[in-house]
Number of protein chains: 2
Amino acid sequence: MTDIIEAYLKKVLQQQEQVEIRRSEIAQLFDCVPSQINYVINTRFTIQRGYLVESKRGGGGYIRIIKVQVLDDLDMLNTMIEIIGKSISEKEAKSVVQKLYEEDIVSKREAKLMLVAMDKSLYTGDRLLDNRLRANLLKSMLANLKYEEPKKRKADNS
Amino acid sequence: MTDIIEAYLKKVLQQQEQVEIRRSEIAQLFDCVPSQINYVINTRFTIQRGYLVESKRGGGGYIRIIKVQVLDDLDMLNTMIEIIGKSISEKEAKSVVQKLYEEDIVSKREAKLMLVAMDKSLYTGDRLLDNRLRANLLKSMLANLKYEEPKKRKADNS
DNA sequence: TTATGATTAGTCAAAAATAGTCAAACACTT
DNA sequence: AAGTGTTTGACTATTTTTGACTAATCATAA
């Protein structure tokens, strides 16, 4: 079942670079429970496989799957993410960002934005906690740099 | 429905800098209850998204939506920093960043970096604390943009 | 001027319409 | 038997829609 739904969605995505579904409709179409759709998405349309997923609940809710393009700095970014680990100091974090800039992976403005976000003064004051928060933030930003959407998005509510 | 009404009003606001409606008329036009209009306004035309709303009840009553006008980038950034204040939710923060992007003050990549940094999942889980941390971070990033050279403008592909 | 009724818009909470999570049950493979 | 991946469904979370009730303003009558 999972494979069938995956194939169906991929087929649509061959024509378009994104697809928007109503979870319950697809579930009906394939005669399965709605949460099966979540399973398909969680296992087959991950960011590692090159897909971004957005959704909204409530009236007019949807699930949108977007094909993304993996950029060539992937390896460097992955390595850095590994290095960062669960925790990182302000200094180390700033040198990671500096490195990104030197490697031409981010622009000067982008680097400055990231540097600001690493600054000690923004956090709670509890060093261990701060180092973990900082690591999470930096890793998220790096992960974000790995991919790029092929096309414009419409009005983003959220 | 909400999206449709939002789109309608935004379309009008593309032509004019403000729009004045009679609540019951719009409700009739879209065949919904009048309070739906309040919902649209409260969720889609907030100050974080760059709109001011005025209204009057009674005979000849109206609802007026005004696009906030800013003189230049610096002005806009200062205004946003004020709006952010000491604490901001994930949703509001993302609205602010979205607005920054729409106003062409940040590039798409910059916006995405900032959006990632606003995400709930990165913080401690204590909502009040998180909202304060988020406000500090966002304000720092905005302040940083004030002193940067302006973003280089390319043909807007996005 | 004051009271009253008509005409608006605002508020709030319940109901409806979605999607998400998680763990138990199931089915295969090794 | 143990491990892995899939299916299911009960429960949760979020967003929108609806409507009854409230508040403000205006027009008019007393």
Side-chain angles (χ1 to χ4, degrees), chain A residues 1-10 18-49 51-66 154-158, chain B residues 1-10 18-49 51-66 89-95 98 115 118-121 123 125-127 130-131:
Chain A
M1 181 87 294
T2 295
D3 292 342
I4 294 168
I5 299 171
E6 177 190 9
Y8 169 78
L9 292 171
K10 291 228 164 122
Q18 71 174 58
V19 57
E20 197 173 298
I21 62 172
R22 174 151 305 172
R23 188 177 75 155
S24 55
E25 273 177 13
I26 300 297
Q28 264 196 8
L29 182 58
F30 291 100
D31 193 31
C32 63
V33 296
S35 59
Q36 175 90 55
I37 310 304
N38 295 86
Y39 182 73
V40 174
I41 283 172
N42 291 331
T43 57
R44 308 298 153 84
F45 293 91
T46 62
I47 189 66
Q48 289 85 4
R49 295 180 185 222
Y51 299 93
L52 215 58
V53 178
E54 297 171 353
S55 66
K56 200 170 74 168
R57 307 186 191 188
Y62 58 80
I63 300 177
R64 183 156 51 214
I65 307 175
I66 305 160
K154 285 187 292 189
D156 178 72
N157 311 322
S158 71
Chain B
M1 181 87 289
T2 295
D3 291 343
I4 293 168
I5 299 171
E6 177 191 9
Y8 169 78
L9 293 171
K10 290 235 166 113
Q18 68 173 58
V19 56
E20 197 173 300
I21 61 173
R22 171 150 308 171
R23 188 177 74 155
S24 55
E25 273 177 14
I26 299 297
Q28 262 195 12
L29 181 59
F30 291 100
D31 192 31
C32 64
V33 297
S35 59
Q36 175 91 56
I37 310 305
N38 295 87
Y39 181 72
V40 174
I41 284 172
N42 291 330
T43 57
R44 309 295 208 259
F45 293 91
T46 63
I47 185 65
Q48 288 88 3
R49 292 175 185 226
Y51 298 94
L52 284 178
V53 178
E54 297 170 352
S55 66
K56 203 170 68 167
R57 308 186 192 187
Y62 59 82
I63 300 178
R64 183 157 47 215
I65 306 174
I66 305 160
S89 72
E90 178 183 19
K91 258 187 223 155
E92 290 173 322
K94 287 183 172 179
S95 291
Q98 175 71 24
L115 283 175
M118 296 298 102
D119 207 276
K120 186 165 57 188
S121 63
Y123 294 81
D126 172 343
R127 211 187 72 240
D130 290 354
N131 286 353

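Order of the sequence lines sets the chain letters (A, B, ...), proteins ahead of strands, with each chain counted from 1.
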Problem - Annotated protein contacts, base or backbone, on nucleotides 24-30 of chain C with a non-hydrogen cut-off under 4.0 Å, one of B, S, - each - result: -------
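- Look at CZ on B/R22: it is 13 Å from C1' on C/dA6, rounded to the nearest Å.
- A search for side chain to side chain contact (heavy atoms under 4.5 Å, CB included) contacts involving A/I21 returns A/L9, A/V19, A/I26, A/I37, A/I63, not counting sequence neighbours.
- Contact annotation: A/T43 side-chain N/O to D/dG5 OP1/OP2 distance is not under 4.0 Å.
- Shown here are the side chain to side chain contact (heavy atoms under 4.5 Å, CB included) partners of B/K120, two or more places apart in sequence or in another chain: B/E90, B/R134.
- For B/Y123, the ring-ring contact (aromatic ring centres under 6.0 Å, His included) criterion is met by no residue, not counting sequence neighbours.
- What separates OH of A/Y62 from P of C/dT18 is a distance of 14 Å, to the nearest Å.
- Taking atom CZ of A/R23 as the reference point, atom P of D/dA13 lies 15 Å away to the nearest angstrom.
- For the pair A/N42 CG and C/dA19 C1', the computed distance is 12 Å after rounding to whole Å.
- Within 4.0 Å of B/S24, counting heavy atoms only, lie sugar-phosphate atoms of the nucleic acid but no base atom.
- Sorted by first then second residue, the side chain to side chain donor-acceptor pair (under 3.5 Å) pairs that include residues 21-33 of chain A, not counting sequence neighbours, are A/R23-A/N38.
- Of all non-hydrogen atoms in B/N131 and B/S89, the two that sit nearest each other are OD1-CA, 3.7 Å.
- A/S55 meets the side chain to side chain donor-acceptor pair (under 3.5 Å) test with no other residue; sequence neighbours excluded.
- Following rounding to the nearest Å, B/K91 (NZ) and D/dA13 (P) show an atom-to-atom distance of 14 Å.
- Among residues two or more places apart in sequence or in another chain, the ring-ring contact (aromatic ring centres under 6.0 Å, His included) test is passed with B/Y62 by none.
- One interatomic measurement links the two molecules: CZ of A/R64 to C1' of C/dT18, which rounds to 15 Å at whole-angstrom precision.
- The CD1-C1' distance, from A/I41 to C/dT18, rounds to 14 Å in whole Å.
- With sequence neighbours left out, the side chain to side chain contact (heavy atoms under 4.5 Å, CB included) criterion links A/Y39 to A/T2, A/Q36, A/T43.
- Within the structure, salt bridge (charged side-chain N to carboxylate O under 4.0 Å, His left out) contacts touching residues 55-65 of chain B (residues at least two apart or in different chains) are B/E20-B/R64, B/E54-B/R64.
- Side chain of A/T2, nearest nucleotide from C/dG10, C/dG20, D/dT6: D/dT6.
- For B/M1, taking side-chain heavy atoms from C-beta onward, the closest of the listed nucleotides D/dT7, D/dT17, C/dA9 is D/dT17.
- Across all strands shown, A/R44 has heavy atoms under 4.0 Å from sugar-phosphate atoms exclusively, and none from any base.
- Looking at residues 30-39 of chain B, you'll see B/V33, B/S35, B/Q36, B/Y39 sit with a heavy atom under 4.0 Å from some atom of DNA chain D.
- For the pair B/I5 CD1 and D/dT16 P, the computed distance is 12 Å after rounding to whole Å.
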Exercise for the section: Sugar-phosphate means primed atoms, P, OP1 and OP2; the rest is base. With that split, encode nucleotides 24-30 of chain D 5' to 3' as B, S or - using protein heavy atoms under 4.0 Å. Expected result: BBS----
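- Nearest heavy-atom pair across A/V53 and A/F45 is CG2-O, 3.7 Å.
- The 12-atom threshold is exceeded at CZ of B/F30, counting heavy atoms of other residues, nucleotides or ligands nearer than 6.0 Å.
- Evaluation of the salt bridge (charged side-chain N to carboxylate O under 4.0 Å, His left out) test over residues 35-45 of chain A, restricted to residues two or more places apart or in two chains, returns A/D3-A/R44, A/E6-A/R44.
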